[in-house]
Amino acid sequence: MTSVKTSSPPSPPPTGKSPGVALHAGTSNLRALIMNNLRQSGIYVALVVIVGLFAVLTDGVSLSPGNITNIVLQYSYILVLAIGMVIIIIGGHIDLSVGSVVALTGAVSAVLVIQQGYPWWVGILAALAVGVAVGAWHGFWVAYAGIPAFIVTLAGMLLFRGLTLRVLDNISLSPFPADYQQVAAGFLNGLLGGDGFDAFTLLIGAIAVAGYAVSGFRTRVARVRYQQPVESFPLFVARVVLVGAVIMYFAWQLAHARGLPIVLIILAALVLVYGLLTRRTVFGRQVYAIGGNLSAAMLSGVKVRTVNFWMFVNMGFLAAVAGVIYSSRSNGAQPAAGNMFELDAIAAAFIGGAAVTGGVGTVVGAMVGGLIMAVMSNGMQLMGIDQSIQSVVKGLVLLVAVAFDVYNKRRAGSSR
């Protein structure tokens, strides 16, 4: 039998612990867990507080089935943009052109489908191709010409807005055929029946809860194996139950409205794909490395130019997806479409925990940040608050979010 030397240097965290032993490890100190994960945990608390506040102020109207469905339909394209924007921000860049790209891609689709009579899917493919081309244009100037992304995308904001006016000949085009409108206004309802509700929507909600529980369990076991702090098992179960209840309530409300929106399926697929892309792939780790420490990334052999190029290609693609969704929902293309969308997407990323200096952020955090903006906008509209006041509130929320990020950095620096 071989013995283990006790005087050897510290080895990497053990990976051979049995998951069954690791299940009940952790701490029950909820305050410590929240403070250790303040950047991310704070936005979830804020979302719950804001949802509860507007539920009280609107006498429950904000949580009605019809209104929850409307929130999904009205703000889905901003959430799609936020996915791409948070990746750009993690990489240490910014994109000010996405609103103009939304307008241009929607205009191209409208000209082909409405004016020239092509099938609806041709318009979608053309819009996606234009978005990828725009992203490649930005990526070339940023990655290979070395021009800061702020300048490149600011120029792109003007350039592609002008091209939108040219493509549309300064007029609006509508309507799209019914199949095209289904992208943003269609629902899956009645696939599995249901008495006064849609059973398929509830099934999808249950699958989402199960997926969240399994993913959380696997992540927890992995963190315990590497001796990272986690909550105690009862707290973990409580968190899964709480999140599951929220998801099922959301699904229940949708099931009692018009069923499962097609655009929600598109958004969920994008969140899953990009969540895996940023956390589980070499490309995702390289994006974080570039935003966190560019010099170290270059010394580590990261192909910075290539990664930067594909970040912007991806942003162009997602802007095109948002352009298709927006044009489908508005049932046409307008020269002024997408105005200020870039600011909403940037705000969602920063409110969701992305760092101003790059290297920090998550796709899920950006979604939560976007939902905070969506719930605030929707709640203030239900209350009849003037648009000027809404802009003031949004601006203050964004300022507080960035100040919170700065505070976190100072707190982390002073604790070392």
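As a basis for the values below, the full set of heavy atoms in this structure was taken, side chains included, without hydrogen atoms, waters or symmetry mates.
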Tell me which donor-acceptor pairs under 3.5 Å the side chains of residues 260-280 have, and how far apart each pair is, sequence neighbours excluded?
residue, atom, partner, partner atom, Å
Y274, OH, N314, OD1, 2.4
T278, OG1, Y274, O, 2.9
T278, OG1, G275, O, 3.1
R279, NE, G275, O, 3.3

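- Between the side chains of N67 and N378, at least one donor N or O sits under 3.5 Å from an acceptor N or O.
- The structure places CD1 of I351 at 10.5 Å from CG of L399, a figure rounded to the nearest 0.5 Å.
- Across D95 and H138, no two heavy atoms sit closer than the pair OD2-ND1, 4.3 Å.
- Scanning all heavy atoms of the two residues, the minimum distance from S172 to P335 falls at OG-CD, 3.7 Å.
- Counting heavy atoms from C-beta on, the side chains of M315 and L81 come closer than 4.5 Å.
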Steps toward side-chain contact (heavy atoms from CB on, under 4.5 Å) verdict (S100, V98): CA-CA 5 Å; S100 297; V98 293; over 6 Å; no
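- Of all heavy-atom pairs between A136 and F309, the closest is O-CE1, 3.5 Å.
- Side-chain polar atoms of Y326 and S76 form no donor-acceptor pair below 3.5 angstrom.
- Looking only at side-chain heavy atoms (C-beta outward), V132 and L128 stay at 4.5 Å or farther from each other.
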F140 and F312: CA distance, side-chain angles, deciding distance, ring pair (Phe, Tyr, Trp, His ring centres under 6.0 Å) verdict: CA-CA 9 Å; F140 168 77; F312 281 94; over 10 Å; no
Check against side-chain contact (heavy atoms from CB on, under 4.5 Å), W120 and F176: CA-CA 8 Å; W120 62 274; F176 278 107; over 6 Å; no
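- The structure places OG of S300 at 8.5 Å from CG of N293, a figure rounded to the nearest 0.5 Å.
- For V80 against L318, the heavy-atom pair with the smallest separation is CG1-O, 3.5 Å.
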Side chains of residues 233-254: which donor-acceptor pairs under 3.5 Å do they make with residues two or more places apart or in other chains?
residue, atom, partner, partner atom, Å
R239, NE, E231, OE2, 2.9
R239, NH1, Y212, OH, 2.7
R239, NH2, E231, OE2, 2.9
Y249, OH, L63, O, 3.4
Y249, OH, Q253, NE2, 3.3
Q253, NE2, L63, O, 2.4

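- Summarising the geometry of A366 relative to A349, their closest heavy-atom pair is CB-CA, 4.3 Å, with the distance given to 0.1 Å.
- Ring pair H93/F150: centre-to-centre distance not below 6.0 Å.
- Of all heavy-atom pairs spanning I290 and G91, the tightest one is CG2-O, 3.8 Å.
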Pairs of donor and acceptor atoms involving the side chains of residues 51-59, under 3.5 Å and at least two apart or interchain, shall be tabulated with distances.
residue, atom, partner, partner atom, Å
T58, OG1, F54, O, 2.5
T58, OG1, S62, N, 3.2
T58, OG1, S62, OG, 3.3

